[in-house]
Amino acid sequence: QVQLVESGGGLVQAGGSLKLSCAASGYTFSNYHMGWFRQAPGKEREVVTAIDWRGGRTYYADSVKGRFTISRDNAKNTVYLQMNTLKPEDTAVYYCAAARRTNGFTSDTFYDYWGQGTQVTVSS
């Protein structure tokens with residue numbers, strides 16, 4: 001069955017860095033766009049960043065542009081999120097998700113498969 005397993009979350013001080021990974025299995029990874037989303041307590045889920053199935057196009061929310069970088073390794077069925085200069089407002093549960101390549105990739109409505117999430121906490 002399809003599995004998306006996030007790892008790399010944790011507690012970090014403001015200004016620090018974390019790298020999240022999402023290992024995918026159970027489907028043809030290279031045929032799917034991949035996205036990272038987050039949900040903070042009391043807030044709606046929001047898209048953080050996404051990358052198309054070939055890795056040639058990316059999307060970033062304005063709040064993370066210049067600080068976060070998404071990448072993928074289709075040989076390893078893994079998508080990454082490098083987060084630098086973290087801020088307390090980045091605190092959230094981070095989810096990876098997969099969308100068919102025939103769909104768009106900048107909205108959560110396009111995504112079919114979701115991971116369980118990993119907690120990122122940034123202290124001030």
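All values derive from a computational prediction rather than experimental measurement.
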Open item on the list: Within the structure provided, determine whether Ser21 and Lys76 are in side-chain contact (heavy-atom separation under 4.5 Å).
Closed with: no
Task: Whichever hydrophobic residues join Val2 through chains of side-chain contacts under 4.5 Å - done: Leu4, Val12, Leu18, Leu20, Tyr27, Phe29, Tyr32, Met34, Trp36, Val48, Ile51, Tyr60, Val64, Phe68, Ile70, Val79, Leu81, Met83, Leu86, Tyr94, Tyr113, Val120, Val122
Task: Nearest-0.5 Å distance that lies between atom CD in Gln119 and atom CG in Leu11 - done: 9.5 Å
TODO: Check whether any side-chain heavy atom of Arg45 sits under 4.5 Å from a side-chain heavy atom of Arg38, and report yes or no.
DONE: no
Task: Side-chain (Arg72) to main-chain (Asp52) donor-acceptor, under 3.5 angstrom - done: yes
Task: Inter-residue atom distance Ser30.OG - Asp73.CG, 0.5 Å rounding - done: 11.5 Å
Open item on the list: Can you tell me which residue among Phe110, Tyr59, Phe105, Tyr111 is in a ring-ring contact (aromatic ring centres under 6.0 Å, His included) with Phe37?
Closed with: Tyr111
Task: Distance, nearest 0.5 Å, that separates NE2 of His33 from CG of Asp112 - done: 10.5 Å
Open item on the list: Distance check, rounded to the nearest 0.5 Å: Ser71 atom OG versus Lys19 atom NZ?
Closed with: 5.5 Å
TODO: Identify the two heavy atoms, one from Ala14 and one from Ser124, that lie closest to each other, and give their separation to 0.1 Å.
DONE: CB-CA, 4.3 Å
Open item on the list: For Ala92 versus Ala40, what's the shortest heavy-atom pair and its separation?
Closed with: CB-N, 3.8 Å
Task: Pair Lys87 + Asp90: basic N to acidic O under 4.0 Å - done: no
Task: Inter-residue atom distance Thr49.OG1 - Arg67.CZ, 0.5 Å rounding - done: 12.0 Å
- [ ] For residues 30-60, pull every pair meeting disulfide bond (SG atoms under 2.5 Å apart), keeping only residues two or more places apart or in separate chains.
- [x] none
- [ ] For Gln116, look at atom CD and say whether over 12 heavy atoms of other residues, nucleotides or ligands are found less than 6.0 Å away.
- [x] no
Open item on the list: Working to the nearest 0.5 angstrom, can you tell me the gap between Glu6 CD and Cys22 SG?
Closed with: 5.0 Å
